[in-house]
Amino acid sequence: MPAAPVIRKAKQPGDAPASGAMACTHCGDSLAGLRIVSRTIGGRKQDFCCLGCAFIAEQLHLARASDADRVALEASLAQGPARREVPAGARVQVEIRGMVCAACALLIEHRLRRADGVASAHVDFTAQRAYVGFDPQRTDAAGIKRAIERAGYHTDVGAPSEARRSRIELLRVLVAWLMMMQVMMLAVPAYVAKPGDIPADIEQLLRLAQLVLAVPVMLFAAAPIMRGAWSQLRAGPIGMDLPIVLGLTAAFAASAWATLTSHGAVYFDSITMFVALVLGVRWLQARALRVARGHLDDAQRRARLTARRLRGFPASLATESVAADQLVVDDHVLVPVGETVPADGVIVQGTSSVSQAWLTGEATPIEKQDGAPVLAGSVNLEQPLVVRVTRAGEATSLAALRRLVDDAGRERPRIVELANRIAVIFLWVVLAVTAATVVGWWWVDPAQALPAAVAVLVATCPCALSLAAPAALAATQSALAERGVLTARSAALEALARIDVLACDKTGTLTTAEPALTRVIPLRGLRSAEVLAKAAALEAVAAHPFARALAQAAARVPVPVAQDVVITPSAGIEGTVLGRRLRIGKIEYALELAGEAGQSAWARRWPALAAQLPRDDSVIALADDQGALALFAFGEMLRADAAVLVEAARALGAEVVLVSGDRAGSVERVARALGIERAYAQQTPASKRELVAQLQGTGRRVAMLGDGFNDAPVLAQADVSIALAEGAALAQARADFIVLGSRAGDVAVLLKSARRGMRIVRENFIWALVYNLGAIPLAAFGYLSPALAAVGMAASSGLVVANALRARK
Amino acid sequence: MDALYLLIPLSVVLILAIGALLVWAVMSGQFESLDREGHRILDDEDAPAQGGAMPPDEHPSRNP
């Protein structure tokens, strides 16, 4: 196995474009054969390979542009004339039926890539699906389906329903097993009886009965194997079904002939047992994959964006929860504080600031008022907003970006590619050995030629080899999904198992994303509980992070109800609590209540108070008309399981490095608390990326753990990226792994699972190769009967699958 | 021993009959959602008033 994992980096702007004039401005890919997307950005017309690239380039320009440009550009993005869209059909997913192994996926991919007009093709065996990008001027979805059909598989148009299909599959297994048992009973007498014990006509009757029972197995139960072989024969790259069917039909024909002519040996028992075992293993494997996929689907569904639609706006403010893609233009949606804007739209009510960090990597919130356009995926930070939808579903900017992400996630682990390539080469070797066996035995003992050939064909079936990696990876992913850790790119598991450095973001990763109340300083002789209750009363109506922290701190004191509450965005809250007018918020704002006198008194006291407050913490004040009542300091808290994560990473031999945009003081404090030696403070998104690139330059493999919020560039730079999911849904989608519960401890589990998963893949490979290579000489020299070879083959596949299931624990 | 001339073909016929039974059982959905009957005891037999009676296809009986 080569040492360096080949992980294709997410495309970076500023990378040198590919040679030749016709290249995408953003990603540098060749534009040949693609429908070009043109945009005028910064006064220059530029060509892109896809809407996604164009969109990103626009957004990057937007981030760099001056404020005036930004406003104009943003307006045109959200409201302007409809942009030229990539035709909806330029990318298509096709459900494929009839794939039985990973080699089938390889074949279809191979065929599709050669088909006219197809730009890219990826076939996911686990999902039984093809993802195809194509040139709509040269072909269409129907053409792609035809190409798949020509390769000998079926696409899911007018196919029998899923339920009916799975019933028939089950029936095949059951029929094979029933017949196998009965044929075995009828075959046993011939094995145990001494020659002459059984009258010839009874023996003939037993064989006839076996023949009758073996027919349904050959014609019905083994049909998928037969069909697979047929399509491989017709359509090129030979898969593993062909040698199986070769052996089966040879054995069946020989047995049937022997039965009808009463001369020669019969192998009905071997045939039926083989089919029964192969079908059984395949069925179990398919079931395991289905269960694993079910978990993934579940988890992904949970992570999906939902929207709060206002049904009767403006008459009523009643909301209903709908999926974001069900929104239509002119729907009104409520976007509460901290939630994501579900569709592109225009603000019709409310003033707030939103963060578009998922696009620009810039976390600075942008102020938005009535009539201002907002983009799907922005996070609302201050006040609830009512937004009228202008573009929804697939038309949103978010969807364009997500398509980009979707495509980036469709890479196959190198190790699976390797297995497929080995399997194909292996088959030719097997066929050659079989031919040699037949020829060799023909000279020595013609009667042995057929059984030996059948044994070689059966024993060397590389089923286990091609199951080795996919089964283990699927099991690992499904176990992770159950814990709420989603794998967006399965290739990343392999890379994650070999990382040397785990770079962690601080805020929201090792520390809680939300500030906690770290210090209360009551003034004028008041008690802490008293001021806490009053502060919590005022903040009860707010959704600010400080308000939540206060509510948490005041959970055990009775909180009065505030009246006549007035909220001033970005300043604070004023209201009447227990008959007194109070203000809480920024110190200057709160002291306005006390007038000039209060403020000058405050100026004298402040230096002494400031010394008592924890450094780097944010401070707000509670005041009445006499002056300040109390100070509240908010700061970050270490996550409970941060130490577990650091410990686990170290145990796996990976150095933990802290990379944060925060001030040096708080970064150092966290680093010291967790025993992290290397910590970098005050990093911008760009300098984080450089830092990771630098580490990679020294030959180290770096995994980046972030909240996926303002870390997009560095997540893309790292070999593997892991996002803790509490930020914007889209930023998460850019990471290789998404940890849903935001528990740092789950990241530790992820690291361990990746190592174990890859170890299991290696074990499987070794076992499958040893079995297959060992069985060839045994079978060729006649030491392995077809039946024993069948058992061996089925057992090796079963063992590989069972070993893979260990990864679920 | 003569009985074997009858018994062996008879056993084959019997097995084919069992096979046919299996076909019927699988195709009529007998092996699907095996947990359902176990969970049925937890079902709320009294359907909510506004919805009227429980829809007849709530527990589909696919048996002919």
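Note that the structure is predicted; figures quoted are calculated from it, not measured. Order of the sequence lines sets the chain letters (A, B, ...), proteins ahead of strands, with each chain counted from 1.
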Residues in residues 8-15 of chain B near chain A [non-hydrogen atoms, under 4.5 Å]: B:Ile8, B:Pro9, B:Val12, B:Ile15
CG of B:Leu21 to CG of A:Leu178: how many Å apart, nearest 0.5 Å? 10.5 Å
How many angstroms lie between CG in A:Leu170 and CE in B:Met27, if you round to the nearest 0.5 Å? 10.0 Å
If the contact rule is any heavy atom under 4.5 Å from chain B, which residues of residues 206-220 of chain A qualify, in numerical order? A:Leu206, A:Ala209, A:Val212, A:Leu213
Restricting to non-hydrogen atoms, name the atom on A:Val175 and the atom on B:Leu22 that form the minimum distance, rounded to 0.1 Å. N-CD2, 4.2 Å
Side chain / backbone / both / neither for A:Met185 at chain B, heavy atoms under 4.5 Å: neither
Is there side-chain contact between B:Val26 and A:Glu169, with at least one heavy-atom pair below 4.5 Å? no
How many angstroms lie between atom CG of B:Asp2 and atom CD1 of A:Ile202, to the nearest 0.5 angstrom? 8.0 Å
Closest approach of A:Leu205 to B:Tyr5 (non-hydrogen atoms, all atoms of both residues): CD2-CA, 3.8 Å
